[in-house]
Amino acid sequence: MTLSHEPPADLGLDGLNPPQIEAVVHAHGPLIVFAGAGSGKTRVITYRIANLLATHRVPPYRILAVTFTNKAAQEMRDRLETIMGGGIARDLWVGTFHSMCVRLLRVHHELAGLGRNFVIYDTADQKAVMKRVLKELRIDEKRYPPQKVLARIGKEKQEARGPEDFEVNHYFDDVILRCFKAYERHLQAANAVDFSDLLLRVLRLAEDPECPAYDDLRSRFSHVLVDEFQDVNQVQYRLVRALAGEGDNICVVGDDDQCIYQWRGADIRNIRGFTRDFPNAKLVKLEQNYRSSGNIVSAALGVIRHSADRQPKELWTDNSDGSPVGIVHCSNERDEAAWVVDQLKRRIANGISPRDLAVFYRVHAQSRVLEDVMRHENVPYQIVGGQKFFDRSEVKDLLSYLRVLVNPQSDVDLFRIINVPARKIGKKTIDALLAMANENRCSAQESIVALCGTDRVGTAAKRALRSLDELLQELMVMAETAPPLEVAEAVLERTGYSAWLEKQDTAEADARVDNLRELLGSITEFEEEQADAGEIATLSDYLARISLISDVDTMQDVARVPMMTVHAAKGLEFDGVFITGMEERLFPLRGGDPGEEDQLEEERRLAYVAITRGRKELFITHTNMRMIYGQTRYNQPSRFLLELPHGTHQAMQTEALSQLPTPRAAWGKPRMDRFQTHGEFEAAAARQASLRPQGERYIETEGEAGFGGDDGDDMGETVVIRPGARVRHPKFGVGVVRAVNMGQDPVITVKFAGWAPKRIKLSFLSMA
DNA sequence: TTGCCACAAATTTTT
DNA sequence: TTTGTGGCAA
C-alpha cells in the first residue's frame, strides 16, 4: 500500500497544477483562500511568494507574510531559500503579528510613546503590575482577583478599546475601569508593553492619518499575506488592512473549521469582514487533502459535519483508506499511557523515527503520567510547551536583571531581583520604596536615591539599597556597549547569583545552574544568528525575541516523540498520531459552570484539528477512570467518538480492560468488599462505566432516576436515586438527595455538608 | 529580615 | 496535585 501524501511535485510556477492551486499562486488583487486541513496551504502561500519574487520582481522587503508561529515563519523562510536561493529570504518580512510589530515599533517607538528599549511584559509580569495596582487603589484582591481583572481588561484591548472607550455597565465595572487606567499608566511609566499593546500601538499609528508614521506604515508593503486567517482577532485584522494600505494585494488563507482560538479573541467574522472590505476579492477553495489516509479524512469529516455555521466545503482525498482509526478503550490513565508507549515502542522498533510520531492531549496536566511511563520504558520524548523553560524562576531572575539594565524603569523586574540573592532588603524597605515611587510618580530605581535621602528606612537598609544601586549602575554602563553574553555573565558573577546557587549545593540548585547555563547558551545562539544576518546583537532584541517564543517554537527537530496539547499541534503533521483522553468533560473539556454551546463548537473544531494531524495512522484513547487534578473521575467516552462514521474505525481495548471480572456487576459504584484486590475493584468500576449505553443512561420513572437502565435489559440491576439516597459529586463530595426532578436531563436537589441544598444535573453525580 | 510551616485555593487552551 | 499566601518564630 502506498499513500500519496504530497501535493503534485511540480506545484508552483509552471502551470501544471490543479486550477485552484494555480489560481492562488497567480491571482492578482485581493484573494481569500479556504484551505481544508492538509490541502497544502502553507505550501501554496510559499509558492505565491516565490512567484511574486521571481516573475513579478517584487523586492523581498516589500512583502509581508504573517504566520501563526515563529516556527512556521522559519519554515517558510527555509522553503523559499531552497526554491529561490541567493539569500533572498532574509529580506522578506515573515513572522508572527507580534514579532512584526516589535520590529515596526523599534523604528517608530518615539511616535508610539515608547523608549527605544521598551520591554514586553508577559502574563506573569502583567499580574505583578496588577497586584501593585490593586494595592495602590486599596482594592481587595479577594473580591477582584488580579487574573480576573486582567482577563476583563485583556478582552477590551483585544477589541482595540482603551480605558477611554470603556463602558461601565455592571456594578463592579467602575473598579475595573480604575484598575484599567492605573494599569496602563504603570506600563507606560515602566516603558513596557503587554502582548496586546504590541499590536495596538502599531495599529494606532497606522490608523491615524495625522501620524507622521502613517504613510510609512501603509506604503511599506506592496503585498501582504496572512496564514491561519481564521484565528486572527479584531486588532490583527485591522492591522492587516492598514498595512496593506491603499493597494489590494492582500491574500488571506484559512479554514474556519480550524478556528480554535476564539477564547483569545479570534473572530471568524473577519472572513465575512474581508469579503465586505474587499468586494472584488477572489475566493478559492482548496478541498483536496494530500496529507491523510482516507479513513482519517472520513473520521475528521464525521466530527466536523455536526458543526453549526461553517462555510460550505467538501474535503476529500485521493489517498487510499489506510488502516482504520483505532479507538482504544483503557481502564485508567496509567493503563492508557502504558498502551500508548507500548505502541510507540513497536513502531520505533520497526524503524519509524520517533519524530514522525506524536502524542496529543487536551490539557498539560495529562502529560505527567505519559512522561513517567515514557521515561520508565526509555522511549525518547520531548514535551512541547508546558512548564516553559523561560518560566523557571532562576531564568526569570536573570532575565529580570537584564531587563532592568536595558530599561531601568521596569519596576516589575527591579522588584523581582531586589532581594535575590538575599541582600537584606525586606518587605518594609520594599514598601517604603514603593510608596516613594508612587509619591514622586517615578520609577522604583530612581526612588532608591531619593529614599536614601530620607529617614524612612534604617541605615542598614540604606546601605543595602545603595550598594545594589551602584552595582546596577555599573552593569548598566557595561550593558550599553558589551555584547549580551558578557553582560549576562557579569550579572551572574557580580550580583553573587552564581555563588549563591553554588553555595546551596543541592540537587535543585545544581539543576538551576544548568538552566542558567542553557540560558547563556541561548544568548550565544542569538548572537551567532544575528552575526550571520549581518546585524549587531543587542540585549533588548534578545529579550523581545524570547518574550515572543511560542510553545511549538520550542519543538526541536530531534529523534524524540513530541508530546503536546492539541492547540500546540495546529499546523503540524505526523505519520502516527495518538490522541489521549477522549472523554466527556476532558475532551470536550467542560469547566465548572454552564457549558456554553459555542464552547462546545470550539472543542469540536479542536477535535477536528487533532484528527487531521495524522498522515497514516491514528489512535484515539479513552479511559473509564482518570485521576486528574488530584481527583478521580469516571468519564464517558467523548461524544465526538460517537460521530465517527461506521467503517472508518475499529474498537480496541487494552489488556488490562479485557481481563476484567464478570460484567454482571451492578451499575452503581461497586462495593469494595465484593472484590479481593483493589485492582479488581478498579477494574469493575471501569467496566460499569463502559457498559452504560450512550445517550440512554437515564430511564425515566416516577420521581426516581437511575444510574442505569431499569427496563429489564440484561445490563444488571438498577441503582435508584430517590430522596434519602447518598450521592457523590466531584467537587462537593458526598451528599443526601432531597428531591428529584425528572426530564430529559434529570436535576437532583442534594444537600452537601457545609452547603445549602444544591440543584445538580444527574450526570454530575455518582453513587456514594 | 529570613525562613519555615500550615493552610487554602485553583486547576484550559497561549502570543 | 501543585502553587501561593500568610503568619509565626528565630
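So that the names make sense, note that chain A is the first sequence line, chain B the second, and so on, each numbered from 1. Here the structure is a predicted model, which is why all the values come from computation and not from measurement.
- The aromatic ring centroids of H306(A) and F640(A) lie 6.0 Å or more from each other.
- Between T96(A) and dT15(B), a side-chain N or O to OP1/OP2 separation shorter than 4.0 Å is absent.
- Because its NZ or CZ atom is both nearer than 6.0 Å to the ring centre of F118(A) and within 45° of the ring axis, R106(A) counts as a cation-pi partner of that residue.
- Checking dT13(B), dT2(B), dG4(C) against the side-chain heavy atoms of K131(A) singles out dG4(C) as nearest.
- Using a 4.0 Å cut-off, no side-chain N or O of T123(A) falls inside it from OP1 or OP2 of dT14(B).
- Minimum atom distance to the side chain of R368(A) is reached by dT1(C), of the listed dT1(C), dT13(B), dT15(B).
- Partners of D257(A) according to the salt bridge (Lys or Arg N to Asp or Glu O under 4.0 Å) rule, which considers only residues two or more places apart in sequence or in another chain, are R310(A), K313(A).
- Of the side-chain N and O atoms in N233(A), none sit less than 4.0 angstrom from OP1 or OP2 of dT15(B).
- Taking R269(A) as the reference, D267(A) meet the salt bridge (Lys or Arg N to Asp or Glu O under 4.0 Å) condition, with sequence neighbours excluded.
- In this structure, the aromatic ring of F97(A) is not positioned over the six-membered ring of the base of dT15(B) within 5.5 Å between centres and 30° between planes.
- Nearest nucleotide to the side chain of R264(A), out of dT15(B), dT2(B), dG4(C): dT15(B).
- Set against dT13(B), dT15(B), dT1(C), the side chain of M627(A) has dT1(C) as its closest nucleotide.
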